[in-house]
Amino acid sequence: MRSKYLGALVAVMLVVGACGAPSQSTPTPAPASPDVSPSAGASQPPASTEPAAGPVMTDTSLGVEVAASGLTEPTALAFLGASEFFVTEKSTGQVHHVVDGQVSEPVLDLAVNFFDERGLLGIALHPDFATNGFVYLYWTESAKGESGDGMFGADTDDAKTLPDLGNRVDRFIWDGTKLAWDRNLVKLRSNTLDTDTSGRIRGNHDAGPLAFGQDGKLFIIIGDQNQRSQLQNLPDQAAPDDTNLTGVVLRLNDDGSTPEDNPFFAAGAALGGEAGENVQMIWTYGVRNSFGLAIHPVTGDLWETENGDDSWDEVNIFPAGSNSGWIQLIGPPERFAEFKQIEMDSEDGLDNKDFPPDQLAADADEAQRRMFVLEGSTYVPPVFAWKHPVAVTSIAFVTDDSLGASSADTAWLGTVLTDSLLRYPLAADGSGFDFAGDTGLSDRVDDNTEKGDVGESAKYVVGTGFGVVTGIVHAPDRMLYVSSITAGAVYRIGPADTVGGASPAPTASAEPSTAPSSAAEVTVGTDTGAELKFDPAEVTVQAGADVRLTFENRSTVPHNLTFQGPPSVATATVVAAGASETLEFTAPDAGEYPFVCTLHPGMGGTMLVEGG
């Protein structure tokens with residue numbers, strides 16, 4: 001059985017070489033202190049099941065509860081009002097309208113390609129939504145649709161069934177019951193890399209978040225698509241025509257036209273042609289990939305989270321005309337030597353074999369001299385970075401006291417690899433995070449020791465058990481909402497005296513078997529190389545048995561073993577190469593129960609339950 005789960009975030013997971021799933025057996029370490037100060041053609045996928053144990057807030061002044069459940073790979077949220085929001089699903093292409101926790105039938109169903117990182121990835125409401133009903137969606141079309149010029153109909157996870165410009169942003173109009181297509185704003189590259197440095201077919205680095213600025217302009221971000229062109233800071237490579245318009249933040253008017261006050265509008269006019277028109281749309285370039293884009297509600301600045309390869313996840317603030325530095329540089333410039341060394345030591349290099357890490361500069365100064373320069377551009381270093389990726393995802397701000405004093409003036413971030421929510425204090429001037437009194441993070445670098453390690457950020461973990469977080473929104477009801485792609489759920493966070501006591505329960509299954517219980521010791525390993533296979537791929541137990549399943553990662557890369565339906569258990573977020581972990585559970589009723597590694601699409605196995 002081919003799993004469709006986690007496709008939306010598989011880009012981040014594959015990028016960092018580790019997989020994400022809710023951890024029932026090895027929770028992320030709690031912070032030292034909660035105080036923040038120191039598809040028709042492809043079969044329709046089943047709804048994700050929620051983890052057996054729900055999220056827990058480590059700040060006891062806060063509570064968490066389920067706001068919506070039974071979703072399939074939720075990726076993004078947009079609020080119409082208090083307790084009313086849209087939620088997008090990656091692999092179904094569906095948008096649901098949720099009111100007071102009740103999830104509607106789809107109000108829109110797009111024909112998406114959901115291979116790897118593709119799918120329905122982002123949503124934003126027009127600032128005047130209450131008047132015009134405009135809803136903007138970022139999605140990857142399947143080229144299999146049967147109506148609406150191919151926009152509606154069959155979904156697919158085939159790597160190559162999509163147009164060359166298959167990533168797109170479209171505007172729809174909400175009439176109170178459904179979303180109707182209005183216009184396309186932009187079509188962008190949808191990469192298929194036949195062979196990356198690990199020998200995999202890839203369709204990743206699609207990014208997808210959308211955000212409206214305070215001036216009513218729409219920001220769109222797309223990852224580098226594994227391209228190596230001028231916009232990846234390689235001046236001698238291809239100019240930014242439609243095929244090579246990647247690794248950028250675009251800024252558009254609400255109708256898709258280009259604002260004349262964009263930072264490279266004049267430079268694009270001088271260049272002319274297709275590439276010139278594309279340059280005119282750019283706000284920022286030199287981006288690797290991102291799952292987080294947000295406007296600071298006080299300063300109006302554009303914040304972005306950026307995912308490194310084997311080193312350096314970032315938090316950035318992008319002014320007009322910024323260059324994020326990739327591929328010449330990622331992470332703090334003063335730590336360039338570590339970036340180069342980690343990538344040199346990595347087996348998979350820098351994603352694309354066309355630019356191996358031995359071609360990196362000798363030092364940060366040379367790296368900056370090598371960068372592609374658009375007139376008016378400025379290299380902008382990160383305001384915060386993790387030495388080893390946590391696979392940072394969404395970001396949102398709480399600038400008032402709606403969640404209590406401990407959450408006032410904070411930024412909240414999700415990850416793939418830590419199973420946690422992070423909450424960092426904001427600097428009063430909006431320039432980044434405030435780590436006054438924190439000697440470990442005073443340099444604005446988390447010197448964690450490996451991928452998925454919360455490291456020096458441990459005291460800023462505000463909640464655990466969230467799985468892979470795809471969206472965070474401080475909503476009109478002044479609560480914080482978090483979507484989890486692994487749980488198939490949206491959670492609500494608020495003061496403990498008003499929110500909580502509704503932990504998610506596993507999806508219901510048949511009545512427990514009355515067959516006699518018996519103990520079962522089972523071992524599932526992996527191949528010893530990089531074939532991405534479970535060994536054995538099929539195991540058998542008796543219904544009602546007390547099962548001890550030991551997962552042994554015999555491979556050279558991280559894996560996990562995840563049951564996304566009954567028995568609803570999973571290994572830790574990352575089981576490193578050479579490590580093992582044991583799960584204990586009661587076997588469900590007779591039937592076939594698939595398990596997957598959420599890192600690698602198509603890597604799956606089956607537990608056969610007999611008797612009962």
message: Quick check: do Trp139 and Arg168 have side-chain heavy atoms less than 4.5 Å from each other?
response: yes

query: Within the side chain of Thr470, is there an N or O that forms a donor-acceptor pair under 3.5 Å with the backbone of Pro74?
result: yes

task: Verify, without hydrogens or angle tests, whether Thr305 (side chain) and Ser394 (backbone) share a donor-acceptor contact under 3.5 angstrom.
output: no

- request: Please round to the nearest 0.5 Å and tell me the distance separating atom CG of Leu417 and atom NE2 of His388.
  value: 12.5 Å

Taking every non-hydrogen atom, the tightest pair across Phe339 and Ser311: CD1-OG, 3.5 Å

message: Contact between Leu561 and Val524 at the side-chain level, heavy atoms closer than 4.5 Å - yes or no?
response: yes

message: We want to know whether Tyr460 and Arg423 form a side-chain donor-acceptor pair, criterion being a heavy-atom distance below 3.5 angstrom.
response: no

- prompt: Are Leu413 and Val315 side-chain neighbours, meaning at least one heavy-atom pair lies under 4.5 Å?
  reply: yes

Distance-only polar pair, side chains of Asn226 and Asn204, donor-acceptor under 3.5 Å: yes

message: I need the single residue from Arg202, Lys160, Lys90 that forms a salt bridge (Lys or Arg N to Asp or Glu O under 4.0 Å) with Asp116. Which is it?
response: Arg202

- prompt: Within a strict 4.5 Å, meaning less than it, do heavy atoms of the Ile493 and Phe466 side chains meet?
  reply: yes

query: Would you call Arg288 and Asp313 a salt bridge, taking side-chain N to carboxylate O under 4.0 Å as the test?
result: no

Pair Asn316-Glu304, side-chain donor/acceptor within less than 3.5 Å: yes

message: Can you confirm whether the side chains of Glu456 and Asn448 place a donor and an acceptor under 3.5 Å from each other?
response: no

message: Can you see whether Glu306 engages Ser324 through a side-chain donor-acceptor pair at a distance of less than 3.5 angstrom?
response: yes

query: Any side-chain heavy atom of Phe355 sitting closer than 4.5 Å to one from Ile327?
result: yes

- request: Nearest 0.5 Å please: distance from the CZ atom of Phe585 over to the CZ atom of Arg548.
  value: 11.5 Å

query: Okay, side chain of Thr571, backbone of Thr562: is any donor-acceptor separation there less than 3.5 Å?
result: no

- prompt: So, does Thr58 use its side chain to make a donor-acceptor pair with the main chain of Val461 at under 3.5 Å?
  reply: yes

message: Could you report the tightest heavy-atom contact between Ile201 and Ala159, atom names first, then the distance?
response: CG2-CB, 3.8 Å

Arg118 versus Asn113, side-chain donor and acceptor atoms under 3.5 Å: yes

- prompt: With side chains defined as the heavy atoms from C-beta onward, is the minimum distance between Val541 and Val609 less than 4.5 Å?
  reply: yes

message: Closer than 3.5 angstrom, by distance alone: can the side chain of Asn553 be matched with the main-chain N or O of Ala579 as a donor-acceptor pair?
response: no

Between Thr88 and Thr75, a side-chain donor and acceptor under 3.5 Å: yes

query: Below 6.0 angstrom between ring centroids: does that apply to Phe563 and Tyr593?
result: no

query: What heavy-atom pair brings Val547 and Ala587 nearest, and what distance separates the two atoms?
result: CG2-CB, 3.9 Å

message: Under the criterion side-chain contact (heavy atoms from CB on, under 4.5 Å), I'd like the reasoning laid out for Leu165 against Leu188: C-alpha separation, chi angles, the key distance, then a yes or no.
response: CA-CA 5 Å; Leu165 302 180; Leu188 301 167; 5.9 Å; no

- request: Would you give the length of the straight line joining atom CD1 of Ile330 to atom CZ of Arg335, rounded to the nearest 0.5 angstrom?
  value: 14.0 Å

query: In terms of heavy-atom contacts, does CG of Asp354 have more than 12 from other residues, nucleotides or ligands at under 6.0 Å?
result: yes

message: Is a donor from one side chain sitting under 3.5 angstrom from an acceptor on the other, for Ser346 and Glu343?
response: no

task: Of all the heavy-atom pairs spanning Val392 and Asn307, show the shortest one and how long it is.
output: O-ND2, 2.8 Å

- prompt: Would Phe114 and Asp155 satisfy side-chain contact (heavy atoms from CB on, under 4.5 Å), going step by step from the backbone distance to the final call?
  reply: CA-CA 7 Å; Phe114 58 90; Asp155 306 319; 4.0 Å; yes

query: Leu108 and Leu137: side-chain contact (heavy atoms from CB on, under 4.5 Å), yes or no, with the steps?
result: CA-CA 11 Å; Leu108 179 70; Leu137 297 174; 3.4 Å; yes

task: Give a yes-or-no answer on whether the side chains of Asn167 and Thr140 include a donor-acceptor pair shorter than 3.5 Å.
output: yes

query: With a 4.5 Å limit on heavy-atom distance, are the side chains of Val416 and Thr393 in contact?
result: yes

task: Would you indicate whether the side-chain heavy atoms of Phe291 and Asp206 approach each other to under 4.5 Å?
output: no

message: Let me confirm one number: the CD1-CG distance from Ile221 to Leu121, rounded to the nearest 0.5 Å.
response: 12.5 Å

message: Quiz question: by atom type and distance under 3.5 Å, do the side chains of Thr582 and Thr550 form a donor-acceptor pair?
response: yes

- prompt: Can you check whether Ser420's main-chain N or O pairs, donor with acceptor, with Thr464's side chain at less than 3.5 Å?
  reply: no

field: Separation of Gln94 CD from Asp109 CG (nearest 0.5 Å)
entry: 4.0 Å

message: Quick one, Val596 with Met603, criterion side-chain contact (heavy atoms from CB on, under 4.5 Å). Give me CA distance, side-chain angles, the key distance, then yes/no.
response: CA-CA 6 Å; Val596 299; Met603 181 175 174; over 6 Å; no

message: Between Tyr491 and Ser483, do the side chains contain a donor N or O and an acceptor N or O under 3.5 Å apart?
response: no

query: Do the side-chain N and O atoms of Thr246 and Gln232 include a donor-acceptor pair separated by under 3.5 angstrom?
result: yes

query: Looking at NZ of Lys340 and CD of Gln359, how far apart are the two atoms once the value is rounded to the nearest 0.5 Å?
result: 10.5 Å

- line: For Thr161 and Thr156, the nearest pair of non-hydrogen atoms, with its separation, is O-CG2, 3.8 Å

- prompt: For the side chain of Ser142 and the backbone of Ala154, is there at least one donor-acceptor N/O pair under 3.5 Å apart?
  reply: yes

query: Short question: side chain of Thr606, backbone of Leu608 - any donor-acceptor pair under 3.5 Å?
result: no

Pair Asp446 + Lys387: basic N to acidic O under 4.0 Å: no

- prompt: Just by modelled atom types, is the Val468 backbone N or O under 3.5 Å from a matching donor or acceptor in the Thr486 side chain?
  reply: yes

message: Main chain of Ala207, side chain of Tyr138: is a donor-acceptor contact present, judged purely on distance under 3.5 Å?
response: no

- request: Indicate the ring-plane relationship of Phe595 and Phe534, choosing parallel, tilted or perpendicular according to the 30° and 60° boundaries.
  value: perpendicular

message: Please find the pair of heavy atoms, one from Pro588 and one from Met607, that lie closest to each other, and give the distance.
response: CD-CE, 4.1 Å

